[in-house]
Amino acid sequence: MDCRFLGFFILLRYTKFVFCQQKYFQERPQNTSVKEGERAVLRCKIANQQGRVQWVKNGFALGHDRTIPGHGNRYSMIGEVSAGEHHLQIENATSSDDGEYQCQVGPKGPSKPIRSDATLSVLIPPTSVDLLDVPRNGKVDIKENEELVITCVIRGAKPAAEVVWYKRNKKIEIGVREDETTPADQTNRFDTRSKLTIRPQADDNGAEYTCEAKHPAITLVTSKKASVQLSVLYPPGPPEIIGYTEGETIRTGQEIHLICVARGGNPLAQVIWYQNNIRVDTSYRTSGRESRNEYTFVANSTDNGAKFRCEAGNLMTPTPMKTEVAMTVFFAPDFVKITGPTEAKIGDTLALECSTGNSNPEARISWVVDGRPVKDATSRVIQSAHGGTVSRSNITALVKSNERNLTIACYAVIHELGFSQTIVDTKIVSVIHPPQKPVIYGISDSNTGIREGNLIRLSCMAVGGNPLAQIKWFQGKKEIKGEYAISGNVASSRLDLMAKREDNEKQIRCEAHHPADDGLLSESVKLKIDFPPTRVSAKVRPEKLRPDWHYLFHS
């Protein structure tokens, strides 16, 4: 075959192949989402392009000019024309750019038109995320185990935003919630409402619940969320007493620090001290998750058996929680007293009793009579209304003849407190015995009288006796007051009288009065008063005298 003919044939067939090759989309536009305000690009690349290219938006052609007029000069076609690139670029996308877009290639010769569709969605983040009915301080008070519905509203998003709930920054995977999406006031925007139902417990106090909008137009930087903090109202734990354990013994004068601690509770507990149902301290303080009240006092005998009660409560405890301790205080009696006679006669048997004041524990009583311990005492213990005991002991003591006074001592000892706490009472019993018979001095036994008008000084003395005798003067039944005096073991009384003739031959009696002598000790003297006659008269019988007669004259 002729080579020139063969070459022509090949060129012809090749030219026909090229001319008849159909155009097609080498890169079709894809459904695209873009955030509001960002740049959107819908790609369109034609292979074997034949015919003019334009974009259509929602059925309206945008024209063949690559600088697409209108739309705020935000639309244009970009790419290498020679490479068949006719990408639609939209600057600063807005919600008005939402729609169906189509890349069209018109016919040319035997090449038919082609087109490809894609959707552009402009993503609009929510305008707000709000929790309904939340106070300004962002804190909600709720009682423990009471149902609480937290409502979150995410407004104005496109597409509708999802709601993600968090508790203490941890996503809540399981929970009772209701979600609802409704059209927003703005076109093509949506509001999402989510209700989360919870029953808070005590450990939820202070927990933060967060509602966060999940949306493709939101980044970590632009995240939108709203939070509420729960103030779960719940009762405190039972109070605890620190500083004293029941059964422990303390002493009077010891300083006691009682601390009552109530942990937990919202609000924190009010802690109050009571002693025997009387409020004694309300000055509690709070720190962290506890309340405490420190009550300090110096123990005394009245605290023995006292009940110290601590009460803790808040508005969630209709009745305060309580704990109490009964205190045991060791104390000596505040007195020891011996009762019995203060005087006794020789041979008498004395009945004596020693009793103590209230003490804890019981006081042990011992007796000493005139320096000698008494072993046969009878003792008993009586429970006191104040929580302690009263000790009593009885003895008898015989009064002997050689005793003037009996010294009796009663000792009360509480061994648990040591001998330094020994209390003692001493009693002196006076042993009474009579004095000697009184003696009167001042008038001798001679018959010499006392001249009328002279001073008579009498002294009556009674030696001995216990107690000393009381000396009294009498003239007949009439008592005459003397001057009583004591010197050593002698009782005396001086009596000064003026000698009168009418007292002649009258007795002056000195009596020694003493409780040991039922009889009467006395001494008497008779007064002898010398006094002249008051007048002298003479009588003669017969009246006529005769010589040589003897006559006797009488006066």
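Since the structure is predicted, the reported quantities are computational estimates derived from the model, not experimental observations. FYI, side chains are in, hydrogens and waters are out, and symmetry mates aren't considered; it's all heavy atoms of this structure.
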> Do the charged groups of R263 and E240 touch, with an N to O distance under 4.0 Å?
Replying inline: yes
> Side chains of L123 and P159: closer than 4.5 Å at any heavy-atom pair?
Replying inline: yes
> Any idea which heavy atoms bring M77 and G63 closest together, and the distance?
Replying inline: CE-O, 4.2 Å
>> Assess the residue pair R39 and Q89 against the criterion (side-chain hydrogen bond (donor to acceptor under 3.5 Å, both in side chains)); give the C-alpha distance rounded to whole Å, side-chain angles, the decisive distance to 0.1 Å, and a yes or no.
In response: CA-CA 7 Å; R39 182 170 66 95; Q89 175 180 269; 2.8 Å; yes
> Can you name the closest pair of heavy atoms from R392 and S355 and give their distance?
Replying inline: CG-CB, 3.7 Å
> Which heavy atom of E212 sits nearest a heavy atom of S223, and at what distance?
Replying inline: OE2-CB, 3.8 Å
> Should the ring pair W273 and Y295 be called parallel, tilted or perpendicular, given that the plane angle runs from 0 to 90° and is split at 30 and 60?
Replying inline: tilted
>> Could you check whether R285 pairs with E294 (Lys NZ or Arg NE/NH1/NH2 to Asp/Glu carboxylate O, under 4.0 Å)?
In response: yes
> Should the pair K427-E353 be classified as a salt bridge under the 4.0 Å nitrogen-to-oxygen rule?
Replying inline: no
> Is the backbone of V232 close enough, under 3.5 Å, to the side chain of N266 for a donor and an acceptor to pair up by distance?
Replying inline: yes
>> For the residue pair Q383 / T389, report whether a side-chain donor-acceptor contact shorter than 3.5 Å exists.
In response: no
>> Atom CZ of residue position R193 - does it have more than 12 heavy atoms of other residues, nucleotides or ligands inside 6.0 Å?
In response: no
>> Can you give me the closest heavy-atom contact between N304 and V329, atom names plus distance?
In response: OD1-N, 3.0 Å
>> Pair Q275, D303 - check side-chain hydrogen bond (donor to acceptor under 3.5 Å, both in side chains), show working.
In response: CA-CA 9 Å; Q275 181 178 355; D303 297 320; 2.8 Å; yes
>> Does any part of the side chain of P200, heavy atoms only, come nearer than 4.5 Å to the side chain of N145, both counted from C-beta?
In response: no
> In a check of side-chain hydrogen bond (donor to acceptor under 3.5 Å, both in side chains) between H86 and each of R66, E27, E80, which one passes?
Replying inline: R66
>> Is the ring pair Y75/Y101 parallel, tilted or perpendicular, if the boundaries are 30 and 60 degrees?
In response: tilted
> Is any NZ, NE, NH1 or NH2 atom of the basic residue among R155 and D185 found under 4.0 Å from an Asp or Glu carboxylate oxygen of the other?
Replying inline: no
> With a cut-off of 6.0 Å (strictly less than), are more than 12 heavy atoms of other residues, nucleotides or ligands near CD of E178?
Replying inline: no
> Is the NZ atom of K35 crowded by more than 12 outside heavy atoms at less than 6.0 Å?
Replying inline: yes
> Charged N to carboxylate O below 4.0 Å: is that the case for K322 and E324?
Replying inline: no
>> Under a 4.0 Å threshold between the charged nitrogen and the carboxylate oxygen, would R177 count as salt-bridged to D179?
In response: yes
>> What I want to check is whether the side chains of D133 and T151 have a donor and an acceptor closer together than 3.5 Å.
In response: no
> Is a side-chain donor-acceptor pair under 3.5 Å present for Q22 with S111?
Replying inline: yes
>> Distance alone, cut at 3.5 Å: any donor-acceptor contact between the side chains of D141 and S231?
In response: yes
